[in-house]
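Below you'll find the structure, written out as structure tokens, and then a few comments.
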Amino acid sequence: MIRAVAILLVFQLGGEVAARGLGLPVPGPVIGLAAMFAALTLRPALRPMLEETATTILRHLSLLFVPAGVGVIAHLDTFGRQGPALVAALTVSTAASIVAGVYVFRAVARLTGADDE
């Protein structure tokens with residue numbers, strides 16, 4: 001398990017180094033995740049080594065939201081003042097994401113010929 005956690009952290013660290021070192025506008029963990037996906041694709045023997053640890057981490061993912069909840073409670077007055085703007089921004093961005101997803105899905109269906117059915 002320690003080896004698997006170390007591998008996961010190395011990918012995250014590599015992503016952080018790449019993002020900050022190259023000045024990329026993508027978060028380091030996202031780059032690390034893409035690199036880990038590539039490594040798992042190129043070397044499937046890594047999967048059994050990481051699977052149990054990754055499953056355990058995902059099983060307890062809700063614990064990672066505790067700091068976010070504490071931050072919300074700590075800044076409750078800010079949310080009270082900016083509440084309507086936050087609700088509007090979340091509503092508009094969610095709707096825009098759904099609409100963008102529909103257009104991307106339709107474009108991919110058209111390109112792959114699945115739209116003909």
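Val10 shares a hydrophobic cluster with no other residue; no ILVMFWY side chain has heavy atoms under 4.5 Å from its own. Alongside Phe11, the hydrophobic cluster contains Ile7, Leu8, Leu33, Met36, Leu40, Leu46, Met49, Leu50, Ile57 (criterion: ILVMFWY side chains under 4.5 Å).
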Contacts table for residues 82-103: side-chain donor-acceptor under 3.5 angstrom, sequence neighbours left out:
from: Thr91; atom 1: OG1; to: Val87; atom 2: O; distance (Å): 2.7
from: Ser93; atom 1: OG; to: Ala89; atom 2: O; distance (Å): 2.9
from: Ser93; atom 1: OG; to: Leu90; atom 2: O; distance (Å): 3.2
from: Thr94; atom 1: OG1; to: Leu90; atom 2: O; distance (Å): 2.7
from: Ser97; atom 1: OG; to: Ser93; atom 2: O; distance (Å): 2.8

Side chains of residues 66-76: which donor-acceptor pairs under 3.5 Å do they make with residues two or more places apart or in other chains?
none

Distance-only donor-acceptor hits, side chain of residues 14-23, under 3.5 Å, sequence neighbours excluded:
from: Glu16; atom 1: OE1; to: Arg20; atom 2: NE; distance (Å): 3.2

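Residues satisfying the side chain to side chain donor-acceptor pair (under 3.5 Å) test with Glu51, not counting sequence neighbours, are Arg47.
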